[in-house]
Amino acid sequence: MEIERKFLLKRAPRQLSECDQARIKQAYLCTEPVMRIRKKNDQYIFTYKSAGLMKREEFEVPLTSKSYEKLLKKCDGNVISKTRYYMPLEAGLTAEIDVFHDGFDGLVIAEVEFPNLEAAQNFVPPVWMNNEVTHDPTFQNSNLCQMTESERIGLLKRILLG
């Protein structure tokens, strides 16, 4: 079970350079339900996610690089490229801050995963996480992957100029 809240950031926090990070490239075989392949540094992962925004089922299995490359050819839409930074928060939580690249430059999203629904509902985000988008499906990666170029440009203009 995945329980998370998402926040749209105006810009990446300054202290990211001090955080652990991972390079991520992911694509989608299907978006309803979500079936995703991901390369995270040197790991390859297939993920299934059920419907939902803050709470949903998630199942991951490892892939080989060869399987990943074969499946990548079968994916539709945008390949999502991002650098994920792991920033420690209070109460043993971690903000996973995704700085997007390749067509989504300027998009920065922070996600916080929780052990249970109560912890998610009681979470008070730091002031720099002031724009919650947990319940806005626009910011799910499975929806970003389906955006046309004009939709991507419109979203980025709205974020960067808004």
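All of these numbers come straight from a predicted model, not from anything done at the bench. Residue numbers start at 1 and run along the sequence shown.
Of the possible polar contacts, one joining the N143 side chain to the P137 backbone as a donor-acceptor pair under 3.5 Å is found. The backbone N or O of F139 sits less than 3.5 Å from a side-chain atom of K6, completing a donor-acceptor pair. Not a single donor-acceptor pair under 3.5 Å links the side chain of N131 to the backbone N or O of K10. In terms of modelled atom types and a separation under 3.5 Å, the side chain of R5 and the main chain of A120 share a donor-acceptor contact.
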(request) Apply side chain to side chain contact (heavy atoms under 4.5 Å, CB included) to the pair I159 and L107, showing each step before the final yes or no. (result) CA-CA 8 Å; I159 291 168; L107 180 60; 3.5 Å; yes
(message) Between E113 and T94, does the side chain to side chain contact (heavy atoms under 4.5 Å, CB included) criterion hold? Intermediate values first, please.
(response) CA-CA 7 Å; E113 290 195 22; T94 301; over 6 Å; no
(request) Kindly determine whether D136 and L8 satisfy side chain to side chain contact (heavy atoms under 4.5 Å, CB included), including the steps that lead there. (result) CA-CA 10 Å; D136 184 344; L8 179 63; over 6 Å; no
(message) I'd like to know whether Q21 forms a side chain to side chain contact (heavy atoms under 4.5 Å, CB included) with R84, so could you lay out the CA-CA distance, the side-chain angles of the two residues, the decisive distance to 0.1 Å, and finally the verdict.
(response) CA-CA 5 Å; Q21 62 180 281; R84 173 167 288 171; over 6 Å; no
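Within the model, atoms CD of E96 and SG of C19 stand 11.5 Å from one another, a figure rounded to the nearest 0.5 Å. The CG atom of N141 sits 4.0 Å away from atom OH of Y28, with the distance rounded to the nearest 0.5 Å. With rounding to the nearest 0.5 angstrom, the CD1 atom of I3 is 6.0 Å from the CG atom of N116. One distance of note links CD1 of I37 with NZ of K70; it measures 13.0 Å at 0.5 Å rounding. Atom SG of C30 sits about 14.0 Å away from atom NZ of K49, to the nearest 0.5 Å. Note that NZ of K82 and CG of L144 are 8.5 Å apart. Values are rounded to the nearest 0.5 Å.
A salt bridge between R36 and E60 is present, with a side-chain N of the basic residue lying under 4.0 Å from a carboxylate O of the acidic one.
The nearest pair of heavy atoms linking A51 to R56 is O-CB, 3.4 Å. Between S142 and T31, the shortest heavy-atom distance links the atoms O-CG2, 3.4 Å. Taking each heavy atom of L29 and F46 in turn, the nearest pair found is CD1-CE1, 4.0 Å. The two atoms that bring V99 and A12 nearest to each other are CG2-CB, 4.2 Å, heavy atoms only.
No side-chain heavy atom of K39 sits under 4.5 Å from any side-chain heavy atom of L72. Contact annotation: the side chain of D98 never approaches that of I80 to less than 4.5 Å [non-hydrogen atoms, C-beta and beyond]. You'll find the side chain of V133 stays beyond 4.5 Å of the side chain of T138, heavy atoms only. Contact annotation: the side chain of P13 approaches that of M87 to within less than 4.5 Å [non-hydrogen atoms, C-beta and beyond]. T47 has its side chain out of reach of R38: every pair of non-hydrogen atoms, C-beta onward, lies at least 4.5 Å apart. Counting heavy atoms from C-beta on, the side chains of K25 and D102 never come closer than 4.5 Å. You'll find the side chain of L16 stays beyond 4.5 Å of the side chain of T83, heavy atoms only. Proximity of M54 to L117: side-chain heavy atoms (C-beta onward) are separated by under 4.5 Å at one or more points.
With a 6.0 Å radius and a threshold of 12 heavy atoms from other residues, nucleotides or ligands, N122 has its CG atom above the threshold. In D42, the CG atom is not crowded: 12 or fewer heavy atoms of neighbouring residues, nucleotides or ligands sit closer than 6.0 Å.
Residues M1 and F59 do not share a hydrophobic cluster, defined by chaining ILVMFWY side chains whose heavy atoms lie under 4.5 Å apart. Following chains of ILVMFWY side-chain contacts shorter than 4.5 Å, one cannot reach V108 starting from I24, and the two form parts of different hydrophobic clusters. Hydrophobic clustering of Ile, Leu, Val, Met, Phe, Trp and Tyr side chains at less than 4.5 Å, counting indirect connections, unites V61 with Y48. Under the 4.5 Å side-chain heavy-atom criterion for Ile, Leu, Val, Met, Phe, Trp and Tyr, L156 and V79 are members of distinct hydrophobic clusters. If you chain together hydrophobic residues whose side chains sit under 4.5 Å apart, L9 and Y86 never meet in one group.
Applying the ring-ring contact (aromatic ring centres under 6.0 Å, His included) rule to F7 yields no partners; only residues at least two apart in sequence or on another chain are considered.
A ring-ring contact (aromatic ring centres under 6.0 Å, His included) check over residues 109-133, counting only residues at least two apart or in different chains, returns the pairs F114-F123.
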